[in-house]
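Heads up: the structure comes next, in structure tokens.
Every chain is numbered from 1 and lettered A, B, ... according to where its sequence line falls, protein lines coming before strand lines. These figures come from a predicted structure and were not determined experimentally. Reckoned from all heavy atoms, side chains included, excluding hydrogens, waters and symmetry mates.
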Protein chains: 2
Amino acid sequence: MLRFILLGFLNYLPLNGYQLKMLIDQSTGHFWHAYHSQIYTTLQALEDQGLVTSQTDESDDRLKRRTYEITEAGRAELRAWLSKPMLETAQIKDELLVRVFFSGQRDHADVIDELRIQRRLHQQQLEAYMAIAADHLLKVVTPEAPPPVASLKADSRMWTATLDYGIRYERMVLEWIDNLVNQLKA
Amino acid sequence: MLRFILLGFLNYLPLNGYQLKMLIDQSTGHFWHAYHSQIYTTLQALEDQGLVTSQTDESDDRLKRRTYEITEAGRAELRAWLSKPMLETAQIKDELLVRVFFSGQRDHADVIDELRIQRRLHQQQLEAYMAIAADHLLKVVTPEAPPPVASLKADSRMWTATLDYGIRYERMVLEWIDNLVNQLKA
DNA sequence: GAGGGCATGTAAGCCGTTACATGATTTC
DNA sequence: GAAATCATGTAACGGCTTACATGCCCTC
């Protein structure tokens, strides 16, 4: 999965591993996070498969900075992946729900405490999402240059859609927690 | 994680691997699924650690049926896990969101088609959740006997809470998809 | 006797997590 | 000169997925 995220970003412009990590943390990481270790190894794998090329920037400094560029094969791979629609839904994996499921015999007060911790965290996440301006992402991808791709507007709309998902998700969780806490207090 | 799910169920009553698989599929599997291969190997690991014991039923047939029972150490392990509250939120991992994120350059019609497939699947899941009566789970766990644990009522409430989560989640996703489809059509 | 449900296992491989490890540049 | 940020890697491990493999029992 991460391979497609990397190809997806490199499809916009050449980037190094560190920049990819930053981009992911601020965008796709909210629904598919990755550690830098995995990013570097996956980039290596993509290069071995000829889907990206890399070059060390010798020009301006002695920093071992490696910039990755997508190849035509890489773009084809990305397009092929996108063209095959998902036919199942994503599986939820949420430890909190497992904990709640088996919390029947726990002290209600303890369960409520835990739910309140979660509530605070989700509240923070909601606020973080709402603070992200829609065009913020545009700025991240294109620091001080005009868009390298013709219509980043269509992309921007999709980015906003995933942000919208995050907001709806966090609101839903907050409502669920509030509802459950109230029930447990009664 | 699966270890705690297994301990959680075995904390109610002794079960074999197959029964655990069935129970998971119908309950916790909605937020933490598991393949039978992992269930059997994890049960073996739990036994090696003295958290469960097993015995082959020789009594009535030649079927190699192995029933697992939780030990006192197992109950302690489960209690210890439950008593330590989660301090982070679960990470979402949703391929659909990754796909949407990078779908800016795709044909809108194709994206809409894909979203409609997802809509149908989520609609079905929502209906499945709503069809599950709250006491259904009670029946699954205690087929034709009185509850082995004093108050399964408290547990039942928690099970219902996770089911409620599922319903809220599916509704949220449906609304998000409808909203996005409408936007893409405009 | 064919198919579906009951029942249990092994093994390879992939992906992701955690930890270890290093070093330059920039800012206070 | 200390701390934060930029920048890149390796390695061990654990958990999950996929595939392979087997065999009984019951119903049609």
Discussion item. Looking at dA7(C), I'd like to know if its phosphate oxygens (OP1 or OP2) sit under 4.0 Å from a side-chain N or O belonging to R65(B).
Written reply: yes
Worksheet item: Would you say the ring centroid of H30(B) lies under 6.0 angstrom from that of Y165(B)?
Response: no
Item to complete: Compute the bend angle of the helix from dG1(C)-dC28(D) to dC28(C)-dG1(D) from the end axes (five pairs per end), rounded to 10°.
Response: 30°
Practice prompt. Would you tell me if any nitrogen or oxygen in the side chain of Y40(A) comes within less than 4.0 Å of OP1 or OP2 on dT8(D)?
Written response: yes
Discussion item. Quick test of your reading: applying ring pair (Phe, Tyr, Trp, His ring centres under 6.0 Å), list the pairs with at least one residue in residues 68-98 of chain A, sequence neighbours left out, ordered by first then second residue.
Written reply: F4(A)-W81(A)
Worksheet item: Would you say the side chains of E69(B) and T53(B) form a donor-acceptor pair under 3.5 Å?
Response: no
Worksheet item: Quick one: Q19(A) CD to dT5(D) P, roughly how many Å, whole number?
Response: 17 Å
Worksheet item: dC15(C) P sits how many Å from Q44(A) CD, rounded?
Response: 16 Å
Worksheet item: Apart from Y35(B) itself, what residues make up its hydrophobic cluster, given side-chain heavy atom links below 4.5 Å?
Response: none
Item to complete: Report the distance from atom CG of D25(B) to atom C1' of dA7(C), rounded to the nearest whole Å.
Response: 14 Å
Item to complete: Using whole Å, report how far CD of Q26(A) lies from P of dT5(D).
Response: 13 Å
I'd like a table of atom pairs between the protein and nucleotides 13-17 of chain D - only N or O on both sides, under 3.5 Å - with the distance next to each one.
| from | atom 1 | to | atom 2 | distance (Å) |
| --- | --- | --- | --- | --- |
| dC16(D) | OP2 | Q38(B) | NE2 | 2.0 |
| dC16(D) | O5' | Q38(B) | NE2 | 3.3 |
| dT17(D) | OP1 | H33(B) | NE2 | 2.9 |

Worksheet entry | E72(A) bridged to R79(A) by N-O distance under 4.0 Å | yes
Worksheet item: So which one's nearest nucleotide on DNA chain C is more toward 5', G17(B) or Q91(B)?
Response: G17(B)
Worksheet entry | Spacing between Y18(B) atom OH and dC6(C) atom P, to the nearest angstrom | 4 Å
Item to complete: Could you state the atom-to-atom distance from CD of Q49(A) to C1' of dC14(C) in whole Å?
Response: 13 Å
Worksheet item: Can you tell me how far P of dC6(D) sits from CG of L20(A), to the nearest Å?
Response: 14 Å
Worksheet item: Side chain of H36(B): nearest nucleotide among dG9(C), dC6(C), dC6(D)?
Response: dG9(C)
Worksheet, complete the sentence: The side-chain contact (heavy atoms from CB on, under 4.5 Å) partners of H122(B) (sequence neighbours excluded) come to T89(A), Q118(B), Y169(B), E170(B), V173(B), L174(B), I177(B)
Item to complete: Tell me, please, which residues at least two apart from Q49(A) pass side-chain contact (heavy atoms from CB on, under 4.5 Å).
Response: R3(A), A45(A), L51(A)
Discussion item. Aromatic contact between F31(A) and W159(A), with the criterion being ring centroids under 6.0 Å apart: yes or no?
Written reply: no
Worksheet item: Looking at the rings of F101(B) and F9(A), which for Trp means the six-membered one, are their centres under 6.0 Å apart?
Response: yes
Worksheet item: Taking atom P of dG16(C) as reference, at what distance in whole Å does atom NZ of K21(A) sit?
Response: 13 Å
